[in-house]
Protein chains: 2
Amino acid sequence: MMETISIDELLRRNQLSITDSRKKILELFQANNGAMAHSDIEKKTDEKFDRVTIYRTLQTFVEKGIIHTIPTPDNSVLYALCKDDCSSTGHHHDNHVHFVCDNCNVTYCLDSVVSPEVNLPGGFKPKVIDVVVTGICKNC
Amino acid sequence: MMETISIDELLRRNQLSITDSRKKILELFQANNGAMAHSDIEKKTDEKFDRVTIYRTLQTFVEKGIIHTIPTPDNSVLYALCKDDCSSTGHHHDNHVHFVCDNCNVTYCLDSVVSPEVNLPGGFKPKVIDVVVTGICKNC
DNA sequence: CTGGATATTGCAACTTTGTTGCAAATTGCT
DNA sequence: AGCAATTTGCAACAAAGTTGCAATATCCAG
Ligand SMILES: [Mn+2]
Ligand SMILES: [Mn+2]
Ligand SMILES: [Zn+2]
Ligand SMILES: [Zn+2]
């Protein structure tokens, strides 16, 4: 079992200075149970931070392995927190399935469901397998 | 075995009038072995058609089941031809795997590889499973 | 605790991507 | 050929994302 670490500690471990925008955005991710789009963050921060700052913060978090992006069927960009082992090793291991609810529109990281094997035709060498399931979630 | 039908016939079967832009865009899809983005089509048509026309044409083709969209890890919107049975039944059955090559950047429809089963936690009811594999393709 | 090097932010300006209304042109049909 | 219906191009706009730079905040050594 991995112990829960504070937001400040999380930033420090990733050699990032502790700033208002980074703290606030991480708080939002921890409070939210699903994935968030850039526009969600803009709204939830009440336009306190510049759009550009939010873009740059998200980009930094992705590079550090603190959050990961999720490919969605409607091709909007979503972000969610990574499991702890992503940031510690410096590269992503988000081989879990994502679920998009048709009804409430929440996107879940199903961390317990690992991506299935796929049998590819000869010559194709897989590196990453992204699986996005659309349907009705457990809360709908 | 499904016989190959002409572009005019394909449009007629979908109750679409035969216009220059629709013919040209379908030709591009048939000539191209991978998926295309809106911007690819703009370039390959040499700006002969208005951007808006291309958007509307792609949208019409998706609605008719002539092409389908592909969710990609970098969240760009790609389109590729559907198998014949999509347009005949009026709704999509594109339950095949897509492959994005890290090297040549071509995105393939692997029509022969059907999406695998996924074991979801209790309460989640799947409808569509999108699988996108990233790696090195057979031509690289 | 403070000064100053370094990193981060906000602003402005710009690019790309996508949408909408409407008049002009094209298509399909008689 | 003529006419109704569909499609296109244009203009104007909105949303999403990028870049350079000056102002500000953070961190660390002294
Ligand atoms: Mn996830
Ligand atoms: Mn496909
Ligand atoms: Zn739901
Ligand atoms: Zn390739």
Side-chain angles (χ1 to χ4, degrees), chain A residues 6-29 35-64 66-79 87 105 107, chain B residues 6-28 35-64 66-79 105 107:
Chain A
S6 74
I7 285 176
D8 285 22
E9 182 55 24
L10 178 58
L11 289 171
R12 234 177 275 119
R13 284 197 193 173
N14 285 283
Q15 294 108 45
L16 293 174
S17 41
I18 297 164
T19 67
D20 289 351
S21 53
R22 288 174 179 165
K23 281 202 287 190
K24 182 65 192 172
I25 291 174
L26 279 182
E27 274 170 31
L28 286 179
F29 274 113
M36 288 193 291
H38 177 275
S39 64
D40 295 328
I41 295 169
E42 259 189 289
K43 280 167 207 146
K44 295 197 185 197
T45 50
D46 236 8
E47 277 111 33
K48 193 174 171 303
F49 305 107
D50 194 85
R51 271 169 6 93
V52 180
T53 301
I54 298 175
Y55 279 117
R56 290 196 271 226
T57 303
L58 290 171
Q59 196 180 293
T60 303
F61 286 174
V62 170
E63 282 162 10
K64 289 292 186 175
I66 298 172
I67 62 177
H68 61 279
T69 59
I70 302 171
T72 59
D74 72 332
N75 289 88
S76 61
V77 187
L78 294 182
Y79 303 87
S87 45
N105 219 42
T107 296
Chain B
S6 74
I7 285 175
D8 285 21
E9 181 57 22
L10 177 58
L11 288 171
R12 234 177 275 118
R13 284 197 193 172
N14 285 283
Q15 295 109 45
L16 293 174
S17 41
I18 297 165
T19 67
D20 289 351
S21 53
R22 286 174 181 166
K23 281 202 286 191
K24 181 67 191 168
I25 292 174
L26 279 182
E27 275 169 30
L28 285 179
M36 289 193 292
H38 177 274
S39 63
D40 295 328
I41 295 169
E42 260 189 288
K43 280 166 208 147
K44 295 197 185 196
T45 51
D46 237 7
E47 277 111 32
K48 194 174 171 302
F49 304 107
D50 195 84
R51 274 169 3 93
V52 180
T53 301
I54 298 176
Y55 278 117
R56 290 195 272 226
T57 303
L58 291 171
Q59 197 180 293
T60 303
F61 286 174
V62 170
E63 282 162 10
K64 289 293 187 175
I66 298 171
I67 61 177
H68 61 280
T69 59
I70 302 171
T72 60
D74 72 331
N75 289 89
S76 61
V77 186
L78 295 181
Y79 302 88
N105 219 41
T107 296

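Since this is a predicted model, take the numbers as computed values, not measurements. The chains referred to below are lettered A, B, ... by the order of the sequence lines, with proteins before strands, and numbering in each begins at 1. Side chains are part of it too, since the values below use all heavy atoms of this structure and drop only hydrogens, waters and symmetry mates.
- If you measure from atom CG of Leu11(B) to atom C1' of dT6(D), you get 14 Å, rounded to the nearest angstrom.
- Closest of all the heavy-atom pairs between Ile41(A) and Thr45(A) is O-OG1, 2.7 Å.
- What separates CD1 of Ile41(A) from P of dA15(D) is a distance of 18 Å, to the nearest Å.
- Computed from coordinates, the Arg22(B) CZ to dT7(D) C1' distance equals 7 Å when rounded to whole Å.
- Computed from coordinates, the Asn75(B) CG to dT18(D) P distance equals 12 Å when rounded to whole Å.
- Under 3.5 Å, the side chains of Thr72(B) and Asp74(B) contain a donor-acceptor pair of N or O atoms.
- Judged by closest nucleotide on DNA chain C, Gln59(B) is the one of Gln59(B) and Ile18(B) placed further toward the 5' end.
- Using a distance-only test at 3.5 Å, with no hydrogens or angles considered, no donor-acceptor pair links the side chain of Arg22(A) to the main chain of Thr57(A).
- Using a distance-only test at 3.5 Å, with no hydrogens or angles considered, a donor-acceptor pair links the side chain of Asn75(B) to the main chain of Ser76(A).
- His38(B) has its NE2 atom 17 Å from the P atom of dA16(D), to the nearest Å.
- Salt bridge status for Lys23(A) with Glu27(A): absent, with no side-chain N to carboxylate O gap under 4.0 Å.
- At whole-Å resolution of the value, CG in Asn14(A) and P in dA7(C) are 16 Å apart.
- Counting only heavy atoms from C-beta on, Thr19(A) has its side chain closest to dT9(C) among dT9(C), dG18(C), dT27(C).
- Candidate nucleotides dT8(D), dT8(C), dG17(D) were compared by shortest atom distance to the side chain of Val77(A), and dG17(D) ranks first.
- Within residues 48-57 of chain A, the residues having any heavy atom closer than 4.0 Å to DNA chain D are, in order of number, Arg51(A), Val52(A), Tyr55(A), Arg56(A).
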Evaluation steps, side-chain contact (heavy atoms from CB on, under 4.5 Å), between Thr107(B) and Tyr79(B): CA-CA 10 Å; Thr107(B) 296; Tyr79(B) 302 88; over 6 Å; no

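- Atoms NZ (Lys64(A)) and C1' (dA7(C)) sit 12 Å apart, rounded to a whole Å.
- Look at CD on Glu47(B): it is 12 Å from P on dT16(C), rounded to the nearest Å.
- For the pair Asp50(B) (side chain) and Val52(B) (backbone), a donor-acceptor distance under 3.5 Å is present.
- Each of Asp20(B) and Glu42(B) was assigned the nucleotide of DNA chain C with the nearest heavy atom; the assignment lying further toward the 5' end belongs to Glu42(B).
- If you check every strand for non-hydrogen atoms under 4.0 Å, Ser21(A) touches sugar and phosphate atoms only.
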